[in-house]
Novice: 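Take this structure, written in structure tokens, and hold onto it; I'll ask about it next.
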Amino acid sequence: MHALRQEILPASGVEFTASLKLTPATRPATPNVSTRHEFVSRVLCNLVVARSSLLRIFEVREEPAPIQPHVDDERERRANVRRGTEAVEGEVAMDEQGDGYINIAKSVPQTEPIHLSTVTRFYLVKEHRLHGLVTGIEAVKIVTTHEDHLDRLLVSFKDAKIALLEWSDAIHDLVTVSIHTYERAPQLLALDSPLFRAELRVDPLSRCAALSLPKHALAILPFYQSQAELDIMDQDQMQAKDVPYSPSFILDLPAQVDSNLRNVIDFVFLPGFNNPTVAVLFQTQQTWTGRLKEFKDTVKLIIFTLDIATQNYPIITFVEGLPYDCLSLLPCSTSLGGVVITTSNALIYVDQSSRRVVLPLNGWTVRISDLPLLAQTPAEHDRKLFLEGSRSVFVDDKTFFLILKDGTVYPVEIVVDGKTVSKLTISPPLAQISVPSVAKSLGDDHIFIGSTVGPSVLLKAAHAEEEVEKDSLDTAPAIVQDDDQMDYDDEDEDIYGSSKTTTKTIANGQTNGQAIVKNMRTVIHLSLRDSLPAHGPIASMTFSLAKNGDRPVPELVAATGSGPTGGFTLFQRDLPVIAKRKLHIIGGARGLWSLPIRQPVKASGISYEKAMNPYQTETDTLILSTDINPSPGLSRIATKSNKSDISITTRIPGTTIGAAPFFQRTAILHVMTNAIRVLEPDGSERQIIKDMDGNMPRPKIRACSISDPFVLIIREDDSIGLFIGETERGKIRRKDMSPMGDKTSRYLTGCFYADTAGLFESQYKSTVSPVGATTTLQSAVNAANKGQWLLLMRPQGVMEIWTLPKLTLAFSTDSLSTLQNVLVDSHGPPAISLPQDPPRKPQDLDVEQLLLAPIGENSPRPHLCVFLRSGQLTVYEVVPAGATEPVDTARSSHLKVMFVKTASIAFEIQRQEDGDKSIIAEQKRISRTFVPFVTTPAPGITYSGVFFTGDRPNWILAGNKSGVQIYPSGHSVVHAFTACSLWESKGDFLLYTEEGPNLLEWVPNFQLDGPLPSRSVPKGRSYSNVLFDPSTSLIVASSSLQAKFTSYDEDNNRIWEADAPNIADPLCDCSTLELISPDLWSTLDGYEFATNEYINDMACVTLETSSTESGNKDFIVVGTTIDRGEDLAAKGATYIFEIVEVVADPAVLPKRWFKLRLRCRDDAKGPVTAVCGFSGYLVSSMGQKVFVRAFDSDERLVGVAFMDVGVYVTSLRTLKNLLLIGDAVKSVMFVAFQEDPYKLVLIAKDTKHVCVTSADFFFTDGELSIVTGDEDGIIRIYEYNPQDPDSNDGRYLLLRTEFNGQIEYRTSLVIARRTKDGPEIPQSKLLMGSPDGSLTSLTSVDEHAYKRLQLLHGQLTRNIQHTAGLNPKAFRIVRNDFVSKPLSKGILDGNLLAHYEGLPITRQNEMTRQIGTERVQVLRDWISLSGPW
């Protein structure tokens, strides 16, 4: 049986980070001071973050703060009474800022400096799913950094590889410079090397990088820093000059540095030395808490220099007698020197003269270590902080932030007395964030704290000086940041300050000749600047039935996060929308346009729109809709009548092709199949231009693009017409198109682009001198519209961009129709596309739709959306082209941009025969078009995006922190779409779907920054199990909490008690069971277990009962463990709960109310680790046994069968009367249950010892397999086949496939997958959730498709460039000493196959030709398998 493993969601959170200047945007720009003294946004640096196999590159951009809503209202109030800005007669030109009038008040110079309010935001540049697990990322500078001022990126991987990457302008992506692999080093051949975690560190001056290896070794990779070094090396070794590094080597620490240097805990490079210098924390003699009487203070610190040229390693400092629980090292700045060591209970500063300064943070320090401590005040003595899982980062030379594992941020100051450090002081906490995994200073006082279990935050520290009273010097201040910049941030935090006291003498304040001494102290303020959202680990998941309005949809409920950031994350497949109302009266099966049109004002004979407040956007005033019935079509104009009703004001016979506001929104431009009309706001006709050639009617108009004041029409014979509006006359006229070639030229499609972002304008270079500027009203209006551009697609596959209104060719490329990854200017003259005889037939690779529109959130960027006739939808992002060589061309104008492919998706399209022009065919025609929109779903959030209509309707969106996402809309067909604000809401859409015309809005609070739309439900605690009860549609979840633990002797006396306030009791896990209503996510009822009892497994099981007519009912069954300390064996219990309906309290909630009722508790001698059910029977594990029990008279469990199994049962799954038992040691067993007589029968088992964490049945048409996952993330597929001689008459399960998923999965769900043929029994599909937050699926693949995709798999492995030079095949291979060659066939890697969809069509054809199949066939196989569920 064959399967495809796909990653639906990539890993979530941030585990490693590096800040560097990677992309050209980070180079210091020439100061561009605009006339309005505006702060132009700047890129501080790039932030590269990684988690598992996901690598993301962000720009950290500082930009002007957005106008806040309350400032908006204030401006609106003042707008009515602005002085000096009234219009002078005839001065109705609009200025460029769109204020409505020329604003004389602006030119007054400002004397006092302006306080510029700025925000810092993350913007995603690129993301990659790598074929390797990242274990470290660092920034390095190499020889070429001096030329381009850009850093390089160094990434280390789990299999002991280091890749050196740099940014390439040509492809707008990372390229691999080199890859260094140590996986064959002798240190990695040890048996325990898979358990080792390699750490990557880089010298502060980038002289070398080091990767830790097992068996006390470091792999050192030296870099050249100057051309001189390179030249010297060249004479020695005759190497190629373009290599930026010298040969790497492995440093064996015990052999080459010091014989005691074993068991490395942490190592760092220290700044400020002439040669690279390393501090290593290690423990030659290992110990643990139970042996502190024999061995304590066993950790040592050694600082030595790497003299790479002479292979000499002199030791500078050697420190012994450090506590056994040292965790990590933090290098200090060059002004201080030395390192800070973090232990579980204290912070220790060690300088180069071996002097140690200790700051104990709880009472354990003195009990486990003999280190000398400074005298403590009572307040310091009572501190109780624990540093396991903490992270620290320097914020200035002498202050660092200590972030504990609960996310509290403490400032720690290193107090210097003269030149020596006298003590460390810790101040009250500043902020609370999520659990930290990495902390990094980005410079400019910005600090990034990454988290793997929740949002990662960017904080800004500000130092403020303030005067203090003499008495209050000793008390640390708590300063709450009250900053206007905090208003628009997502999270409110209590943010305090830490203090350093300095005494300043104010000289000018002398009274009686005596200087007044003022005590000043520096206070650190913290403000939240931005965050990267993350849902964190997936502990458990279940499907529930959610309601979007009245529409039920399946929703994946995942228990995510940890500790304070724990809760639920809800995922849906389609972008969730709510239907607000049905609008059958307006029709619109062929098109809907919602337009903001306003009554014009007459002044001195010219009509123009009333001056509007520039900070307000328009709301729509009318809807124009069109239908094909009754023939020849009908168009309607509808407006809002009283309240919210809608009425048709005008009916026009004929079908509308397009409509848009014109003449600055004072008229409607209306394109029909045979005419172009200008309508007044009330719908009456102002002007009509019939589309005639002399007296002959031209072919029908099939498409149009309107961008005030230009109109483009495309006819059915592929000819075009161009019209321009004349503002003075309020009329339109034909525009001369002679620069574009013969007027009979043919074009497939085209569109206008209004360059609101100014990208095209800034990148446009023309050698023609501009003609004297005209000063008409027309040019003033054009200036307000920013530059407009015309995109045209010629039949031979050439896309051209023309300037308007002069019509000069600025860009042309012939690689769009084959969807190349990067489109660059070919600098060619206009292409010739004359009509062919006989007329050209449409081809599969023709571009059917083209749209250039802004897509994004805060600052949308232009994206080109392309749809080919073959069903391929591709999105390109427009970016400035890199530095290119000058080209001699005939063209005078050049647009220096390039188009970079960001998303590509294939659809299976059913087409009618092209020759079929009958009425019925016209009725059935589905129009697939791109419709741009701007929506404000919630105050302060604005998305610009594109909707793709047709039988594969999709939303194309992008956020600040996510790339382009394509979400299905959930409708089977959408005929027409428009954003609509007729009902005063900026978040409404009008769609004509299979149900007719509907007004919709997005479901609030959904995040659109991942492959699936998601909504977070924070609960402040994490959950270990979650399930959906189908009979009541409620969620049952078990929360994971911590409680104090103590143990008692036989006389019930406590064995140990804390004897001081700074000593804490130990903690143990405990659980509660919660009954949650998915409507409001409120807890209806709960059950608390003992403080030393926690839930292992939970299931919804059907058991026999006398309380229902059918004789059975669904019960919630819970298996628990009872911890009793290390001297007593753990026990367990099985609980059976029933969900019962009770009378709701009408004061609290008028709806239905439910409670949990405990029906039965059954104590067990060992932990109950897994539970599930057969029909009417409960199956549970206890220790080494599995029991089958019946529920007798609703109050007790009666055993009917049992079986001795492995060592520790991790999972139980049932199918009919078959049982699958997964064990932590003995792999998997396949068992059957029979009722007469009652017994469990072992059918087959796996003979190898494997730690199975999850086992599932996996079936497709008449075939059954067993899928298991282990703690290393290896997925195995077993088969039961008694006919195979290897199975020993069916007693052994046969291992068919092994696939390295790299990350274990803790929770799995089997769902039904129904194929087109629709067999009686659906196939099973497996969803798996992992602790790194990734969600993967396993889908069965039929034999023929598998063979094609397997061959394609090989082609993709060999023939495309993989990021960081990694090998996708080696990444998935499992080492198995019992077979001659790896069992790698059987599971396809979806992450690799997904690349095929995004390849250029020429490459797709090349690959399929080599494997003897068709591109269309392979894409059809892929489309049928992909999709989340």
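Hydrogens, waters and symmetry mates are skipped; everything else that's a heavy atom, side chains included, is used.
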Novice: To the nearest 0.5 Å, what is the distance between CG (Asp203) and OG1 (Thr277)?
Specialist: 8.0 Å
Novice: Does the pair Thr144 and Arg152 meet the rule for a side-chain hydrogen bond (donor to acceptor under 3.5 Å, both in side chains), with working shown?
Specialist: CA-CA 10 Å; Thr144 45; Arg152 304 299 187 261; 3.0 Å; yes
Novice: Report the relative orientation of the aromatic rings in Phe318 and Phe282; use parallel for angles under 30°, tilted for 30 to 60°, perpendicular for over 60°.
Specialist: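 Plane angle between 30° and 60°, so tilted.
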Novice: Tell me, do Val48 and Phe16 make a side-chain contact under 4.5 Å, heavy atoms counted?
Specialist: no
Novice: Indicate yes or no: at least one non-hydrogen side-chain atom of Lys126 is less than 4.5 angstrom from one of Leu174.
Specialist: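 Answer no - side chains too far apart.
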Novice: Within a reach of under 6.0 Å around CD of Gln1361, are more than 12 heavy atoms found that belong to other residues, nucleotides or ligands?
Specialist: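 Not more than 12 within 6.0 Å, no.
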Novice: Are Val14 and Thr452 close enough, and set up right, to give a side chain to side chain contact (heavy atoms under 4.5 Å, CB included), and what steps lead you there?
Specialist: CA-CA 5 Å; Val14 173; Thr452 53; over 6 Å; no
Novice: Donor-acceptor pair, distance only, cut-off 3.5 Å: does the side chain of Asn46 make one with the backbone of Lys21?
Specialist: no
Novice: Test side chain to side chain contact (heavy atoms under 4.5 Å, CB included) on Asp396 and His463; report intermediate values, then the result.
Specialist: CA-CA 10 Å; Asp396 59 34; His463 298 267; 3.1 Å; yes
Novice: Does the side chain of Arg207 come within less than 4.5 Å of Gln225's, by heavy atoms?
Specialist: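 Yes. Closest side-chain heavy atoms under 4.5 Å.
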Novice: So which heavy atom on Pro222 is nearest to which on Cys208, and how close?
Specialist: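 For Pro222 versus Cys208, the nearest heavy atoms are CA-CB, 3.7 Å.
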Novice: With rounding to the nearest 0.5 angstrom, report the CG to CZ distance, Leu130 to Phe1371.
Specialist: 8.5 Å
Novice: With a 4.5 Å heavy-atom cut-off, do Leu55 and Ile137 have their side chains touching?
Specialist: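 In contact.
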Novice: For the atom pair CZ (Phe267) and CG (Leu253), what is the distance rounded to the nearest 0.5 Å?
Specialist: 9.0 Å
Novice: Output the distance between atom CG (Asn312) and atom CZ (Phe304), rounded to the nearest 0.5 Å.
Specialist: 11.5 Å
Novice: So, does Thr399 use its side chain to make a donor-acceptor pair with the main chain of Val395 at under 3.5 Å?
Specialist: no
Novice: Between Phe269 and Pro331, is any pair of side-chain heavy atoms under 4.5 Å apart?
Specialist: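 No, every pair of side-chain atoms sits at 4.5 Å or beyond.
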Novice: Let me know which of Arg42, Arg121, His446 forms a side-chain hydrogen bond (donor to acceptor under 3.5 Å, both in side chains) with Glu62.
Specialist: Arg42
Novice: Would Tyr349 and Cys332 count as a side chain to side chain contact (heavy atoms under 4.5 Å, CB included) if you check the C-alpha gap in whole Å, the side-chain angles of each, and the deciding distance to 0.1 Å?
Specialist: CA-CA 9 Å; Tyr349 170 80; Cys332 300; 3.7 Å; yes
Novice: For residues Ile303 and Ile315, determine if any side-chain heavy atom of one lies less than 4.5 Å from a side-chain heavy atom of the other.
Specialist: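 Side chain of Ile303 against side chain of Ile315, heavy atoms only: no contact under 4.5 Å found.
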Novice: Does NZ in Lys419 sit with more than 12 non-hydrogen atoms of other residues, nucleotides or ligands closer than 6.0 Å?
Specialist: no
Novice: Do Gln763 side-chain atoms and Leu759 backbone N/O form a donor-acceptor pair below 3.5 Å?
Specialist: no
Novice: When you check the side-chain N and O atoms of Thr135 and Ser156, is any donor under 3.5 Å from an acceptor?
Specialist: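 There is such a pair (donor and acceptor under 3.5 Å, judged by atom type) between the side chains of Thr135 and Ser156.
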Novice: Any side-chain heavy atom of Asn821 sitting closer than 4.5 Å to one from Pro1400?
Specialist: yes
Novice: Search all heavy atoms of Ala1364 against all heavy atoms of Leu165 and return the closest pair with its distance.
Specialist: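 Shortest heavy-atom separation between Ala1364 and Leu165 comes out as CA-CD2, 3.6 Å.
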Novice: Please identify which of these residues, Leu20, Val125, Thr17, meets the side chain to side chain contact (heavy atoms under 4.5 Å, CB included) condition with Leu47.
Specialist: Thr17
Novice: Any donor and acceptor pair, going by atom type alone, linking the side chain of Asp825 with main-chain N or O of Ser812 inside 3.5 Å?
Specialist: yes
Novice: Going from CZ on Arg391 to OG on Ser451, what distance comes out if it is rounded to the nearest 0.5 angstrom?
Specialist: 10.0 Å
Novice: Salt bridge between Lys398 and Glu413, side-chain N to carboxylate O under 4.0 Å?
Specialist: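 Answer for the salt bridge query: no.
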Novice: Under 6.0 Å from the NZ atom of Lys141, do we count more than 12 heavy atoms belonging to anything else shown?
Specialist: no
Novice: Considering all heavy atoms of both residues, which atom of Leu1399 and which atom of Ile1360 are nearest to each other, and what is their separation?
Specialist: CD2-CG2, 3.9 Å
Novice: Do Ser893 and Tyr764 have side-chain atoms, one donor and one acceptor, less than 3.5 Å apart?
Specialist: yes
Novice: Got a second to check how far Glu166's CD is from Thr23's OG1, nearest 0.5 Å?
Specialist: 13.0 Å
Novice: Should Leu306 and Ile220 be marked as a side chain to side chain contact (heavy atoms under 4.5 Å, CB included) after you check the CA-CA gap, both sets of side-chain angles, and the distance that decides it?
Specialist: CA-CA 10 Å; Leu306 293 175; Ile220 307 283; 4.0 Å; yes
Novice: Verify the distance criterion only: is there a donor paired with an acceptor across the side chains of Arg51 and Ser437 at less than 3.5 Å?
Specialist: no
Novice: Would you call Asp444 and Lys460 a salt bridge, using N to O less than 4.0 angstrom?
Specialist: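 Salt bridge flag = no for Lys460 with Asp444.
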Novice: Which heavy atom of Ile449 sits nearest a heavy atom of Pro436, and at what distance?
Specialist: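 In this case the closest contact between Ile449 and Pro436 is CG2-CB, 3.9 Å.
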Novice: Taking Leu1366's backbone N and O only, do any of them form a donor-acceptor pair with Lys161's side chain (distance below 3.5 Å, no angle check)?
Specialist: no
Novice: Within 45 degrees of the axis of the six-membered ring of Tyr123 and under 6.0 Å from its centre: does Arg61 put its NZ or CZ there?
Specialist: yes
Novice: Is there a donor-acceptor contact under 3.5 Å from the side chain of Thr813 to the main chain of Ser826?
Specialist: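 Checking the backbone N and O of Ser826 against the side chain of Thr813, no donor-acceptor pair under 3.5 Å is found.
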Novice: Which heavy atom of Ala209 sits nearest to which heavy atom of Leu154, and what is that distance?
Specialist: CB-CD2, 3.4 Å
Novice: Would you tell me whether Ser178 and His180 have side-chain atoms, one donor and one acceptor, within less than 3.5 Å of each other?
Specialist: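 A pair is found: one side chain offers a donor N or O, the other an acceptor, under 3.5 Å apart.
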Novice: For Ala185 versus Ile250, what's the shortest heavy-atom pair and its separation?
Specialist: CB-CD1, 3.5 Å
Novice: Report yes if some heavy atom in the side chain of Leu329 is under 4.5 Å from a heavy atom in the side chain of Leu301; otherwise report no.
Specialist: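 The answer is yes, as the side chains (C-beta and beyond) meet within the 4.5 Å cut-off.
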Novice: State whether Lys896 and Glu761 are salt-bridged, where the test is any N-O pair (Lys NZ or Arg NE/NH1/NH2 against Asp/Glu carboxylate O) under 4.0 Å.
Specialist: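 Here Lys896 does not pair with Glu761 in a salt bridge, since their nearest N and O are not under 4.0 Å apart.
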Novice: With the threshold set at 4.0 Å, does a side-chain nitrogen-carboxylate oxygen contact exist between Arg197 and Glu199?
Specialist: no
Novice: Between Arg861 and Glu877, does at least one N-O distance fall below 4.0 Å, as a salt bridge requires?
Specialist: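 Looking at Glu877 together with Arg861, the answer is yes, because their closest N to O distance falls below 4.0 Å.
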Novice: Is there a ring-ring contact (aromatic ring centres under 6.0 Å, His included) between Phe811 and Phe899 once you walk through the steps?
Specialist: CA-CA 11 Å; Phe811 183 97; Phe899 296 81; 5.4 Å; yes
Novice: Looking only at the side chains, is there a donor atom on one of Asp266 and Ser328 sitting less than 3.5 Å from an acceptor on the other?
Specialist: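 Checked: Asp266/Ser328 side chains show no N/O donor-acceptor pair below 3.5 Å.
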